[in-house]
Amino acid sequence: MAAGMLRFITCGSVDDGKSTLLGRLLYDAGMLADDQLEALRRDSHKRGGEALDFALVTDGLDAEREQGITIDVAWRYFHTARRSFIVGDCPGHEQYTRNMATGASQVDLAVVLVDARKGLLPQTRRHTYICALLGIRRVILAVNKMDLVGLDADVYASIVEPYRALAASLGIESVSALPVVAPDGDNVGLRSERMPWYQGPSLIELLETLDVEVAPAARFRLPVQWVNRPDQSFRGYAGTVCGGRVAVGDEVLVQPGGRQARVERIVGPSADLADAVAGQAITLCLDRELDISRGDVIAAAAQPAPIADQFGCHLVWFGDAPLLPNRSYLLRLGTATVNARVTAIKHKVDVNTQAPLAARRLELNEVGYCNIDLDRPLAFERYADDRTLGGFILIDRQSNATVACGMLDFALHRAANIHWQHTDVDKSTRALAKGQQPLCLWFTGLSGAGKSTIANLVERRLAAQGYHTYLLDGDNLRLGLNVDLGFTAEARVENVRRVAEVGQLMVDAGLVVLVCVISPFASEREFARGRFAEGEFVEVFVDTPLAECEQRDPKGLYAKARAGQISNFTGIDSPYERPTAPELHLHAEGQRAEQLAEQVLAYLQGRLG
Amino acid sequence: MQGLSHLDDLEAESIQILREVFACFRRPVMLYSIGKDSTVLLHLLRKASRPARPPLPLLHVDTTWKFREMIAFRDRVAAEGDVEMLVHINQDGVRQGISPLTHGSAVHTDVMKTQGLKQALDRYRFDAAIGGARRDEEKSRAKERVFSFRSAQHRWDPKQQRPELWQAWNTRIREGESVRVFPLSNWTELDVWEYIRREQIDVVPLYFAKERPVVMRDGALIMVDDERFVLREGERIEQRRVRFRTLGCYPLTGAIESQADSLDAIIEEMRASRSSERQGRIIDHDGASSMEKKKQEGYF
């Protein structure tokens with residue numbers, strides 16, 4: 001008897017009869033109760049049908065019932081005498097790669113549906129590719145609607161053979177195929193009598209007996225999820241073992257730091273345990289006090305996980321807004337959350353053909369191979385070896401939306417070969433020599449808001465008082481350092497990143513830096529802030545209404561933008577995300593630049609040493 | 001290596017979800033409805049924080065129409081003393097005299113349950129509310145996330161829900177927003193009962209068959225639990241051997257005739273059962289897709 005539970009997904013489009021197959025599966029497994037069957041009969045009649053429309057069993061939400069499509073992954077539960085099942089119903093529509101990836105991340109097996117009349121379609125290839133990308137190694141191919149091709153064994157063979165080749169080429173290790181007629185139940189619960197040429201098991205029999213036990217990674221890994229410390233007498237590290245086995249007395253390593261300790265106690269759900277294996281939610285107590293927090297990984301001391309901060313990875317993009325290289329996102333891997341930037345899109349993947357295509361951004365439902373940089377190193381595994389320490393999500397810093405999932409491939413060792421060169425003279429020494437406290441004033445606002453004018457006045461006054469200053473003007477930098485950048489969203493992200501880096505170097509040099517860039521996106525301003533020490537970054541929002549900026553139009557740019565001569569102009573056809581909590585908010589309407597400069601100087605009073 | 005059993009697997013998954021709440025939220029709460037799912041959830045909550053006490057309180061939104069045996073059970077749980085039990089009653093509803101008998105199930109549920117819950121969440125400013133809902137309970141729940149996102153107005157928008165990959169949950173919210181968390185998402189009704197049996201968990205006695213005073217009303221067997229229940233013309237109270245599959249407000253909860261007076265018998269009955277769990281719940285039948293609408297309005 002197969003132990004435990006089988007989690008699988010079904011993939012295919014509405015036309016393939018996927019919902020019908022699933023409904024029939026639940027029916028044949030005896031999972032539809034009398035009142036549900038009654039509701040099904042009623043609903044089937046309402047739709048004008050005489051026979052039971054099994055698709056109605058699983059189509060849940062009003063919106064999709066009306067549109068006749070399944071818009072999200074739906075999870076269903078059933079059991080037979082031999083096994084319990086959790087099945088995810090994944091919509092097959094072109095734009096729903098996201099849902100397939102979501103469903104596939106939770107399971108070990110996929111049932112791929114094909115319409116016998118149509119054979120292998122681009123979407124069949126797409127579904128199989130996404131399954132393989134998310135680490136599914138076993139597939140059941142259900143060739144449906146066999147009644148519409150005369151229950152012909154040759155038609156069946158002409159689909160199954162090429163599919164096996166396709167699946168193998170994508171990295172699927174095992175394919176089981178069977179012919180079905182979903183509405184009538186042929187080969188769903190019982191073997192079909194109409195297709196004697198098929199001698200194999202029915203779908204339910206296959207599901208009951210397939211061995212999908214994935215060999216758990218041999219090396220012990222526990223991502224620390226929660227530090228349980230109710231009082232001084234107890235300190236335990238709670239988490240779910242994602243690989244290997246741990247026993248009391250084992251030597252372990254806390255990563256990425258690399259401190260070693262011995263396991264003193266394993267607290268299980270009901271009692272203390274002598275050992276624990278992958279899948280168990282436990283709490284570890286160690287023999288010495290270490291500073292361990294959520295996001296650390298406790299690993300077997302003899303077999304530690306690799307550590308890196310730069311990776312090659314596949315990304316599946318979910319966001320409505322495209323992926324912009326160099327924008328800072330939050331990355332969650334295991335239980336750790338860090339800042340991350342995609343530094344390069346090596347190529348995107350045509351999900352229908354797997355052909356690599358050149359790309360500068362990734363749009364919703366696109367898959368790409370990318371390089372990604374983290375702001376601190378993490379313990380990881382290749383996704384192929386460990387889904388928990390190899391699979392991550394990206395979160396938009398502003399909306400908190402989950403905008404991508406990623407699968408780590410391997411570490412890039414560029415960073416490992418470049419070490420920060422220690423210098424004896426540091427920031428505080430340089431600041432001391434100048435007799436000032438360095439900081440960065442970051443002026444943000446629309447074009448024509450008065451950023452440069454105000455900053456210029458402030459700098460003159462500071463210079464007159466003997467401070468060492470430098471004004472970094474966005475326009476001036478675009479004539480030199482940033483001459484290669486345009487005004488698309490991607491280019492703006494990179495522009496601000498470079499300005500932030502230069503500003504940071506200047507602060508490190510001990511200067512008071514005044515930066516004037518529109519910097520329209522909150523994410524990049526947050527990134528810039530993150531480059532500076534606490535208190536060193538002063539965001540100055542020059543808040544001038546668009547109408548006033550447009551009226552001033554010192555460079556004639558608004559007129560050109562309105563005339564359609566320049567595009568991607570902030571405030572006209574490109575957004576400006578207003579700062580929500582700037583250190584200084586200058587309400588510029590009706591104020592002279594001198595008055596606003598006074599406000600900045602007043603803020604700086606006592607802060608420059 | 002021997003794999004984990006099906007119940008071990010579900011238990012570990014639920015504990016992991018609960019610990020995620022402990023680690024990622026500032027003001028979490030567990031909604032406690034006294035029923036079997038809440039009872040299992042509380043059991044898991046204690047396991048998740050072992051050997052410490054659960055690091056969050058329970059909240060019972062009392063509609064004032066629960067079975068007396070439920071309230072007695074709740075008070076016993078509270079008396080165990082390891083978790084704080086908050087009880088909230090919508091006093092506006094009490095003042096208006098809202099009753100399922102006179103206002104009907106829709107108004108009563110909205111005012112005493114949905115509005116009451118929102119009041120309590122706002123009052124304590126909880127940012128995560130753990131509930132015992134399961135995806136197998138009802139069609140519209142099949143797509144519910146484990147971490148289900150709610151706006152500052154407590155609204156559930158199917159389009160704003162986040163994809164959930166692996167166990168890499170996205171728990172980030174802004175001030176005022178909140179999540180509902182469902183650690184029992186992947187459990188079925190049968191799993192719940194088998195787990196109760198395995199772990200020998202005490203549940204409200206109403207789940208076990210016994211002679212009880214009931215009235216047949218609108219096709220459902222309603223238990224006469226106190227003197228507020230007024231008989232309609234032609235109705236009479238009979239003693240029947242009944243039990244409940246789900247528990248809620250007594251005038252809105254249908255009993256089933258049953259001989260199952262032990263956990264073994266309940267599980268046996270369920271395996272042979274030909275009707276679904278929520279059939280006894282009157283609120284589900286208020287309109288087509290009524291549960292989906294209630295959810296959008298903020299019902300659990």
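A note on names: the letters A, B, ... follow the listed sequences, proteins ahead of strands, and every chain is numbered from 1.
Arg135(B) is listed as a side-chain neighbour of Tyr77(A), based on a closest heavy-atom distance under 4.5 Å. No side-chain heavy atom of Gln280(A) sits under 4.5 Å from any side-chain heavy atom of Glu11(B). His79(A) places a side-chain heavy atom less than 4.5 Å from the side chain of Leu190(B). At a threshold of 4.5 Å between non-hydrogen side-chain atoms, the residues Ser5(B) and Met5(A) do not count as touching.
Contact count against chain A (heavy-atom pairs under 4.5 Å) is highest for Asn170(B) among Ile173(B), Asn170(B), Ile15(B). Heavy-atom pairs under 4.5 Å with chain B peak, among Ile395(A), Val267(A), Thr283(A), Leu134(A), at Ile395(A). Contact count against chain B (heavy-atom pairs under 4.5 Å) is highest for Cys405(A) among Gly334(A), Gly103(A), Cys405(A). Ranked by heavy-atom pairs under 4.5 Å with chain B, the list Gly268(A), Ala104(A), Ala101(A) is led by Gly268(A). Top candidate by heavy-atom pairs under 4.5 Å with chain A, chosen from Ser185(B), Ala12(B), Pro55(B), Ala142(B), is Ala142(B).
Separation of atoms CZ (Arg19(B)) and OG1 (Thr335(A)) is listed at 12.0 Å; rounding is to 0.5 Å. Taken from CG in Leu333(A) to CH2 in Trp166(B), the straight-line distance is 9.5 Å, to the nearest 0.5 Å. Here the CG atom belonging to Leu6(A) is positioned 11.5 Å from the NE2 atom belonging to His6(B), to the nearest 0.5 angstrom. Taking CD of Glu164(B) as the start and OG of Ser105(A) as the end, the distance is 9.5 Å to the nearest 0.5 Å. In this structure, CZ on Phe149(B) lies 7.5 Å from CG on Asn400(A), to the nearest 0.5 angstrom. Rounding to the nearest 0.5 angstrom, the gap separating the CG atom in Leu165(B) from the CZ atom in Phe392(A) is 11.0 Å.
More than 12 non-hydrogen atoms from other residues, nucleotides or ligands lie less than 6.0 angstrom from CD of Glu38(A). In this structure, Glu80(B) places its CD atom where more than 12 heavy-atom neighbours from other residues, nucleotides or ligands lie under 6.0 Å away.
Residues satisfying the side chain to side chain contact (heavy atoms under 4.5 Å, CB included) criterion with Thr388(A), sequence neighbours excluded, are Pro223(A), Cys242(A), Asp386(A).
A donor atom on one side chain and an acceptor atom on the other are not found under 3.5 Å apart for Gln16(B) and Gln225(A). Side chain to side chain, Thr102(A) and Arg162(B) fail the donor-acceptor criterion of an N or O pair below 3.5 Å.
The backbone N or O of Ile86(A) sits nowhere less than 3.5 Å from a side-chain atom of Asn186(B) that would complete a donor-acceptor pair. Formation of a donor-acceptor pair under 3.5 Å by the Arg174(B) side chain with backbone atoms of Gln398(A) is found in this model. Side chain of Arg332(A) to backbone of Trp169(B): a donor-acceptor contact under 3.5 angstrom is found.
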Residue pair Arg7(A), Asp9(B): steps toward the side chain to side chain contact (heavy atoms under 4.5 Å, CB included) verdict: CA-CA 12 Å; Arg7(A) 300 182 192 223; Asp9(B) 191 349; 3.7 Å; yes
Verdict with reasoning, Gln167(B) to Thr240(A), per side chain to side chain contact (heavy atoms under 4.5 Å, CB included): CA-CA 10 Å; Gln167(B) 283 75 44; Thr240(A) 301; over 6 Å; no
Working for side chain to side chain contact (heavy atoms under 4.5 Å, CB included), residues Arg172(B) and Leu330(A): CA-CA 10 Å; Arg172(B) 298 182 65 87; Leu330(A) 293 171; 3.1 Å; yes
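Contact of Ala238(A) with chain B is made through backbone and side chain together, with heavy-atom distances under 4.5 Å. In this structure, the portion of Ser84(A) lying under 4.5 Å from any heavy atom of chain B is its side chain and not its backbone. With a 4.5 angstrom heavy-atom cutoff, Leu7(B) does not touch chain A via any of its atoms.
For residues 44-53 of chain B, heavy-atom neighbours of chain A at less than 4.5 Å comprise Lys47(B), Ala48(B), Ser49(B), Arg50(B), Pro51(B), Ala52(B), sorted by residue number.
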